[in-house]
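If you read the sequence from its start, that first residue is 1, and numbering goes on from there.
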Amino acid sequence: MQPIISPSVLSADFGHLQRDCEMLNKSSADWFHIDIMDGIFVPNLSFGFPVLKSIQKAARKPLDVHLMIVDPDRYLETFQQHGAWQISVHYEACTHLHRTIQRIKSLGVKAGVALNPHTPVHVLEDIIASLDLVILMSVNPGFGGQKFIDRTYAKTTKLKDMIISQQSSCLIEIDGGVNAENAGQLVAAGADALVAGNFVFSSSDPISTIAKLKTSQ
Ligand code: DX5
Ligand code: ZN
């Protein structure tokens, strides 16, 4: 099976956002990955609702929203109103994770959980059956263009085993430092979706870079 490709708009040229969104529309990308950072959960700020509104208008593919923010419950409804098709919250940012996941689902939005590199996958054992997506962070969240952490392969295999043994339909998405060198091994380990920011947007031909990732195996 070919992986789902979710290019991270964080690495787009915000002076030419419309152009970059149209490029993604034309490409073999499946989702638009939207990184939201609050400067508290992660040491960086990304963008907020006015920019998301422009992306929503331009995008012809599902918005895969990754919230790197504390207390995400405050904004779930507003993200849904801004076209979020899927919302992932961080395990490390949610005290009542089960409740937050139920709230996302009650909005008619797919629900995901992201794990930081230091967080073991077994913490999801009692919630995996309710999830549509797990994002395994393969860098420390906050910035694009960082180096992939190799431990992610073993985490992917372990998570895949958990998903299969609980007969969950949850997908695994890998986020951070993904490129043509590690994509094949990630798919072989059980990854269903790959986020790529820097690798796509810094390449001279992003459309063929996306196509290359799409055929990784
Ligand atoms: C990291 C973000 C990622 C990141 C991916 O905090 O969640 O989505 O932008 O970018 P690359 O592929 O450049 O690591
Ligand atoms: Zn992300």
Close side-chain approach of [X] to [Y], heavy-atom, < 4.5 Å:
X	Y	value
E181	F199	no
T100	V113	no
V200	S11	no

Could you tell me whether the side chain of [X] and the main chain of [Y] form a donor-acceptor pair under 3.5 Å?
X	Y	answer
D38	F41	yes
D175	V195	no
N179	N182	yes
Q166	E125	yes
S138	G176	yes

Identify whether the distance between the nearest side-chain nitrogen and carboxylate oxygen of D73 and R99 falls below 4.0 Å.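 R99 and D73: not salt-bridged.
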Do the side chains of K110 and D64 get close enough for a salt bridge, i.e. N-O under 4.0 angstrom?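 No, no charged N to carboxylate O under 4.0 Å.
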For V65, run the side chain to side chain contact (heavy atoms under 4.5 Å, CB included) check against I104, I36, D35 and tell me which one passes. I36
Going only through I, L, V, M, F, W and Y residues with side-chain contacts under 4.5 Å, is there a path from W31 to L213? no
Indicate, with yes or no, if I101 and M162 share a hydrophobic cluster defined by side-chain heavy-atom contacts under 4.5 Å among Ile, Leu, Val, Met, Phe, Trp and Tyr.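 Yes.
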Tell me whether K160 at atom NZ has more than 12 heavy atoms from other residues, nucleotides or ligands lying less than 6.0 Å away. yes
Answer yes or no: are there more than 12 heavy-atom neighbours, outside K214 itself, under 6.0 Å from its atom NZ? yes
Angle class for the H90/H66 ring planes (parallel below 30°, perpendicular above 60°, tilted otherwise)?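 Parallel: the ring planes of H90 and H66 meet at under 30°.
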